[in-house]
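These notes concern the structure reproduced below.
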Number of protein chains: 2
Amino acid sequence: MPPTLRPPAARPRRVTIRDVATAASVSTATVSYVLNDTPGQTITEATRRRVREAAVALGYSPHGVARALREGQSRIVLLAVPSMRGGRGLESFVAGMSAELRTLDHSLLVTTSEDGLPREAIQAIAPRATLRLADFLAESAWRGPVLGAFDGRLAGLEFHTLTQLRHLAERGHRDIAFALPDHPDPIADQRVAHVEGAATSLGLGPVRVLRLEMGEDAHARRAAVRELAEATPVTAVATYSDDVALGVLGAMAALRLRAPDDLAVIGFDDGEAGRVSQPALTTVRIDAGGFGRRAARVALGLDPGEWVESPSEVIVRATT
Amino acid sequence: MPPTLRPPAARPRRVTIRDVATAASVSTATVSYVLNDTPGQTITEATRRRVREAAVALGYSPHGVARALREGQSRIVLLAVPSMRGGRGLESFVAGMSAELRTLDHSLLVTTSEDGLPREAIQAIAPRATLRLADFLAESAWRGPVLGAFDGRLAGLEFHTLTQLRHLAERGHRDIAFALPDHPDPIADQRVAHVEGAATSLGLGPVRVLRLEMGEDAHARRAAVRELAEATPVTAVATYSDDVALGVLGAMAALRLRAPDDLAVIGFDDGEAGRVSQPALTTVRIDAGGFGRRAARVALGLDPGEWVESPSEVIVRATT
DNA sequence: TTGAAAGCGCTAACAT
DNA sequence: ATGTTAGCGCTTTCAA
């Protein structure tokens, strides 16, 4: 027996388009046309049936890598997130994006990368599109098409912020503060801008920005909150996250200040902790599923379509 | 000019191994050998230099998809996580795994999939290995090699649980409870088993298991915690997560019970909320970076090596 | 010491 | 209405 060119590894034999072609007594081209519903081909229904039946009989499934080589890119969209520690917002965003992509015969894969694009992964899989969450949340080419406009004006984090402040305004608060973590954050400035914009459009007074220590130094937090409560007219504080809200409430508890009477507090992104702690935290629940779906469509160059439902709502609990 | 076969899309011309070969006046085979340091080849240092210089001069980088097609699998390890809402433990795990894989010329990509393998993604990128976090945490083929043995006995969640209970034991507690969320959880049973194992090995009494309501029903939580405090000898509660701990503390606050005097509480996985809330939560900080590195090595079929440092420590704050 | 060429599985231009 | 085949970029066998 003459030596033959063996495959690189002892690769388990896989069912290819060729096997299907043989089984259906057609060419590989025909198989490809049928299985991809390639437009502009004239293939009899009988042949189509034979091909499809052969494919399922053999358990054929297309080899994504070969297809990607041929097409120049894989049917993958890569989402770069800064961290695995997400909240409800991120989770629903990813779920929505993933579901929509599946519908479009693509897959979502996530990579963590603090800054810059995940070059190695891009080299490795040639994704159809790459989307950095930070870019998407901030101003960027993505923003316009993905966010679209809800309620004729704004959407995204900006919209959720409006939801958050509107609740405070409806409760009669006019002097508010916005508390955010004191550690560096790529979208901090933007969040502050959103708050200021929302406050203006709601006719509130100027917003006091409080950068809250989020480490072990409870004294610092207490001092900051005391100052806020005693030396300013602020009656309510909106926060960057539920965690920050819990920090404010923790300081208030230590100072024997009560929410909402001494200071009302509203969180952001409805985590588990705020729900079960005492007092239970009023917060904004973000359903970013619609965003995810839109981001998916935009990533593939499709029309994102219209908004269907409101992407955020206030969960009223005990602190406002 | 005769019609030529155009590439499928107007694909931007990319630098291939061929270009490098031409520039260095060698064959593509030689380029491949040099760039991959293929063992068993006799190529003069001069040639190697020429090839490498040509590669950098042209800005060549290998096409992962083509390589994957040829080799049968891509240099990707796929990690399937149940959700994007991770804690410090997951974050460090992913970071460690990712860093180690980079070292080994691979990339980590994450996919969310509640149960089962992410088949579409696997088809699409032919990953070198696929690892479900749930399998990894639970008993499975992965467990043995990845966890190895720390301190001669156990590692992983089991080890961290021991860390958690040991702290309670050292504080003199003998009757403890373990509180976990009442919603379904793939690793709940396992966690309970760990706690019981740790309690036994520490010579503690039988562990009371408390499935805590984690929804909006604060009354249910209060009732459960009151029952625990008043009708049982339990003096301390270890929890499944910081969130559950916050739920216990919330109920205690409503009941005017104080930690640690009435009931000591220790959380798990050191989240931001526990650190800033009042009273500040004692918890277990998990550094899963080492696990991640080990998981990476095992995924590639390498020896994970020995443990270097302790993977968990107690962060003592005010509740114990 | 190096090169020629096969072939991974697929799509699509072109031929029949 | 369907088949033939080039070629995506790479690795590796075999020959020179």
Side-chain angles (χ1 to χ4, degrees), chain A residues 2-22 24-48 50-51 55 58 60-75 123-126, chain B residues 2-22 24-48 50-51 55 58 60-75 123-126:
Chain A
T4 49
L5 192 66
R6 273 175 316 110
R11 215 180 296 192
R13 175 97 179 78
R14 73 173 271 138
V15 178
T16 75
I17 205 177
R18 251 182 133 93
D19 300 317
V20 177
T22 307
S25 314
V26 295
S27 72
T28 58
T30 302
V31 174
S32 177
Y33 291 144
V34 170
L35 264 25
N36 292 313
D37 278 321
T38 308
Q41 297 296 328
T42 50
I43 295 172
T44 55
E45 194 46 50
T47 304
R48 289 180 187 277
R50 278 210 328 283
V51 169
L58 297 177
Y60 169 78
S61 74
H63 191 299
V65 173
R67 179 182 269 172
L69 178 60
R70 169 69 219 211
E71 309 214 302
Q73 52 195 12
S74 59
R75 302 197 180 180
Q123 292 289 353
I125 64 170
Chain B
T4 48
L5 190 67
R6 274 176 316 109
R11 216 181 293 191
R13 176 97 179 79
R14 74 173 269 137
V15 179
T16 75
I17 205 176
R18 250 183 134 93
D19 301 317
V20 177
T22 306
S25 314
V26 295
S27 71
T28 58
T30 302
V31 175
S32 177
Y33 291 144
V34 170
L35 263 25
N36 292 312
D37 278 321
T38 308
Q41 297 296 329
T42 50
I43 296 173
T44 53
E45 194 47 49
T47 305
R48 288 181 188 276
R50 277 213 323 285
V51 169
L58 296 176
Y60 169 78
S61 74
H63 190 300
V65 173
R67 180 182 268 171
L69 179 60
R70 167 71 218 212
E71 307 213 305
Q73 52 194 13
S74 59
R75 302 197 180 180
Q123 291 289 353
I125 64 170

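Chain naming here is simple, since letters A, B, ... match the order of the sequence lines and numbering starts at 1 in each. Just so it is clear, the structure is predicted and the values come from calculations on it, not from any experiment.
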Check whether any side-chain N or O of A/Arg50 sits under 3.5 Å from a backbone N or O of A/Ala24 as a donor-acceptor pair, and report yes or no. yes

What's the verdict on side-chain contact (heavy atoms from CB on, under 4.5 Å) for A/Asp19 and A/Thr16, showing C-alpha distance, side-chain angles and the deciding distance? CA-CA 5 Å; A/Asp19 300 317; A/Thr16 75; 3.7 Å; yes

Ignoring the backbone of B/Thr16, work out which of C/dA4, D/dG9, C/dG9 is nearest its side chain. D/dG9

Could you tell me how far apart A/Tyr60 (OH) and C/dG9 (P) are, to the nearest whole angstrom? 10 Å

What is the distance, rounded to the nearest whole Å, between atom CD of B/Glu71 and atom C1' of C/dG9? 16 Å

C/dT11 phosphate, OP1 or OP2, under 4.0 Å from A/Ser32 side-chain N/O: yes

Tell me whether B/Ser32 contacts the main-chain N or O of B/Thr28 through its side chain, where contact means a donor paired with an acceptor under 3.5 Å. no

Under 4.0 Å between a side-chain N or O of B/Arg67 and OP1 or OP2 of D/dT11? yes

Nearest heavy-atom contact between B/Tyr60 and B/Leu35 is CE2-CD2, 3.7 Å

Within a strict 4.5 Å, meaning less than it, do heavy atoms of the A/Arg70 and B/Val65 side chains meet? no

Quick note, A/Arg70 side chain, CB onward, closest among D/dT2, D/dT12, C/dG9 is C/dG9

Quick one: is A/Thr42 getting a side-chain N or O under 4.0 Å of the D/dA1 phosphate, OP1 or OP2? yes

Taking the side chain of A/Thr44 as heavy atoms from C-beta outward, which of C/dT11, D/dC10, D/dT2 is closest to it? D/dT2

What is the nucleic acid contact for B/Val26, judged by heavy atoms within less than 4.0 Å: base, sugar-phosphate only, or nothing? sugar-phosphate

Using whole Å, report how far CZ of B/Arg14 lies from C1' of D/dG7. 15 Å

Rounded to the nearest angstrom, tell me the gap between atom CZ in A/Arg13 and atom P in C/dG7. 13 Å

Choosing from D/dT4, D/dC10, C/dG9, which nucleotide comes nearest the side chain of B/Leu69? C/dG9

Under 3.5 Å, is there a donor-acceptor pair between the side chain of A/Ser74 and the main chain of A/Ile125? yes

Expressed in angstrom and rounded to an integer, what is the separation of A/Ile17 atom CD1 from D/dT2 atom C1'? 14 Å

Closest to the A/Pro62 side chain, choosing from C/dC10, D/dG3, C/dG3: C/dC10

Measure from CZ on B/Arg48 to P on C/dT1 and round the result to the nearest Å. 10 Å

Of B/Thr47 and B/Ala66, whose nearest nucleotide on DNA chain C comes first from the 5' end? B/Thr47

Looking only at non-hydrogen atoms, find the nearest pair between B/Gly72 and B/Ala126 and report the distance. O-CB, 4.1 Å

Does C/dG3 have OP1 or OP2 sitting under 4.0 Å from an N or O in the side chain of B/Thr28? no

Think A/Tyr33 has a side-chain N or O under 4.0 angstrom from the OP1 or OP2 of C/dC10? no

Starting from the first five and the last five pairs of the helix from C/dT1-D/dA16 to C/dT16-D/dA1, work out the angle between the resulting helix axes, to 10 degrees. 50°

Rounded to whole angstroms, how far apart are CD on A/Gln41 and C1' on D/dA1? 10 Å

Could you tell me whether the side chain of B/Arg67 and the main chain of A/Ala124 form a donor-acceptor pair under 3.5 Å? no

Over how many whole Å does the gap from B/His63 atom NE2 to D/dC8 atom P extend? 11 Å

